[in-house]
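What follows is a short report on a single structure.
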Number of protein chains: 2
Amino acid sequence: MNIGDVAKQAGLPAKTIRYYEDIGLVKPLRDPNGYRAFRPSDVHKLVFLGRSRALGFTIEDCRALLALWEDQDRASADVRAIAKDHLAQIETKIADLEAMRNTLSDLVRDCAGDSRPDCPILQKLEDFPTG
Amino acid sequence: MNIGDVAKQAGLPAKTIRYYEDIGLVKPLRDPNGYRAFRPSDVHKLVFLGRSRALGFTIEDCRALLALWEDQDRASADVRAIAKDHLAQIETKIADLEAMRNTLSDLVRDCAGDSRPDCPILQKLEDFPTG
DNA sequence: CTTGACCCTCCAGTGACTGGAACCCCCATA
DNA sequence: TATGGGGGTTCCAGTCACTGGAGGGTCAAG
């Protein structure tokens, strides 16, 4: 299969797929004309990658997950460890963003948003403690 | 004031401050020996920048906020617009992360995490619809 | 034979820094 | 006077995960 069709099937831009080949995540064959020739297993891998990335795993996480995915003898604990670690990171990020949102929505609420020059947002950006 | 002291006062790495000069956010003077000489107003600006960045504003947002901050005649509505826009982006990000978290915590919960090779996390990464 | 859709490689840029090399400046001590 | 340490300087390269674009080759249809 050519890269365009694979891109549609996997829901990834062709550029991204080429990049994944560059960094060794997929290794498609080549047709005599130089075009990449993707086997069903390559497509399957790319779908897996797309989903892992959509869940916010880093490329290196994906590489590890992919290795585990392909290893018949892996322990599910290994996969779980990666996922749990990632989950903890997501939760930290959510907490950080919620703190930002709270501060910011206070600021927005207190600001008249009219044509007067005095603005409590700028005022508070001078005053409040650094996060 | 030299960059090291400014870094302490503003809570920013010296490297970051140099970078902010590079991209024109601050314009410290120079001592005859070539050292950057920060005026109190520069430090004040850097504190403002640190706080804005801590709230997740992009550098370009910061540049705009800084311009408004220095403009005596600005309308508070301009500032509010930037903040509201940013707030909306944060809320989108939180929602995305919460969706990830939910999917991922389901996966982690369903995984035995022992030494057996069958792992529902990898299974679901093959199956579930791409986000 | 041409058109247009596809494919290729390679290089540069993104955002917001961060690390490191190689060097200069200043002060205190032996 | 040397020297050591802790500042400071510039510039280049790397991070992450792509993305855009130039400049060109390939293929099927009309």
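No hydrogens, no waters, no symmetry mates; every other heavy atom, side chains included, goes into these values. Letters A, B, ... mirror the listed sequences (proteins, then strands); counts begin at 1.
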Discussion item. Under the side chain to side chain donor-acceptor pair (under 3.5 Å) definition, can you give me all pairs with a residue in residues 28-39 of chain B, not counting sequence neighbours?
Written reply: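 For residues 28-39 of chain B, and leaving out neighbouring residues, the side chain to side chain donor-acceptor pair (under 3.5 Å) pairs sorted by first residue read B:E21-B:R30, B:E21-B:R36, B:R39-B:D42.
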Worksheet item: Where the side chain of B:R80 meets the backbone of A:V108, is there a donor-acceptor pair that is under 3.5 Å apart?
Response: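 Pair found, side chain donor or acceptor close to backbone of A:V108.
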Worksheet item: Any donor and acceptor pair, going by atom type alone, linking the side chain of A:R53 with main-chain N or O of A:C62 inside 3.5 Å?
Response: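 Side chain of A:R53 to backbone of A:C62, a donor-acceptor pair under 3.5 Å: no, none is there.
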Can you tell me how far apart [atom1] ([X]) and [atom2] ([Y]) are? Round to the nearest 0.5 Å.
X      : Y      : atom1 : atom2 : result
A:E91  : B:L104 : CD    : CG    : 9.0 Å
A:E60  : A:I82  : CD    : CD1   : 11.0 Å
B:M100 : A:L87  : CE    : CG    : 12.0 Å
A:R101 : B:K93  : CZ    : NZ    : 13.5 Å

Discussion item. side-chain contact (heavy atoms from CB on, under 4.5 Å), that's the test. Do B:Q9 and B:L46 meet it? Break it down for me.
Written reply: CA-CA 9 Å; B:Q9 285 230 7; B:L46 285 165; over 6 Å; no
Worksheet entry | ring-ring contact (aromatic ring centres under 6.0 Å, His included) contacts in which one or both residues fall within residues 65-94 of chain A, not counting sequence neighbours |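 For residues 65-94 of chain A: A:H44-A:W69, A:F48-A:W69, A:F57-A:H86.
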Discussion item. Quick one about A:E98 and A:N102 (side-chain donor to acceptor, distance below 3.5 Å, no hydrogens or angles considered), yes or no?
Written reply: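 Distance-only check fails for A:N102 and A:E98.
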Practice prompt. Find out whether B:L25 and B:Y19 are in side-chain contact, i.e. whether some heavy atom of one side chain is under 4.5 Å from a heavy atom of the other.
Written response: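 No - every pair of side-chain heavy atoms lies 4.5 Å or more apart.
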Discussion item. Can you confirm whether A:R51 sits close enough to A:L55 that some side-chain heavy atom of one is under 4.5 Å from a side-chain heavy atom of the other?
Written reply: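 No - every pair of side-chain heavy atoms lies 4.5 Å or more apart.
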Practice prompt. Please report how far the helix from C:dC1-D:dG30 to C:dA30-D:dT1 bends, comparing the axis fitted to its first five pairs with the axis fitted to its last five, to the nearest 10 degrees.
Written response: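 One end axis against the other gives 30°.
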Practice prompt. Considering just the side-chain nitrogens and oxygens of B:R36, establish if one lies under 4.0 Å of OP1 or OP2 belonging to D:dG7.
Written response: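 No, outside the criterion.
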Discussion item. Is there a side-chain contact between B:R30 and the phosphate of D:dT10, meaning an N or O under 4.0 Å from OP1 or OP2?
Written reply: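 B:R30 to D:dT10 OP1/OP2: side-chain N or O found under 4.0 Å.
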Discussion item. Taking the nucleotide of DNA chain D with the nearest heavy atom to each, does A:T58 or B:A14 sit closer to the 5' end?
Written reply: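 That would be B:A14.
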Practice prompt. Using whole Å, report how far CD1 of A:I3 lies from C1' of D:dC18.
Written response: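 My rounded result for the distance is 14 Å.
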Discussion item. What is the distance, to the nearest angstrom, from the CG atom on A:L46 to the C1' atom on D:dC18?
Written reply: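 From A:L46 CG to D:dC18 C1': 15 Å.
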Worksheet item: Can a salt bridge be assigned to the pair B:R109 and B:D106 using a cut-off of 4.0 Å between side-chain N and carboxylate O?
Response: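 So B:R109 pairs with B:D106 through a salt bridge.
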Fill in: DNA chain C: 5'-proximal contact among B:N33 and B:I59 (nearest heavy atom)
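Closer to the 5' end of DNA chain C: B:I59.
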Worksheet item: What is the 5' to 3' range of DNA chain C, first to last nucleotide, that sits under 4.0 Å from any heavy atom of chain A?
Response: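 For DNA chain C, the relevant span reads C:dC6 to C:dC10.
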Worksheet item: Heavy-atom contacts under 4.0 Å between residues 16-25 of chain A and DNA chain D, which residues?
Response: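 Hits under 4.0 Å, by residue number: A:T16, A:Y19, A:Y20.
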Write out a two-atom table: protein N or O, nucleotide N or O from nucleotides 21-23 of chain D, distance below 3.5 Å.
from: D:dG21; atom 1: O6; to: A:K15; atom 2: NZ; distance (Å): 2.3

Worksheet item: Which nucleotide, D:dT19, D:dG8, D:dT10, lies nearest any side-chain atom of A:P13?
Response: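 Output: D:dT19.
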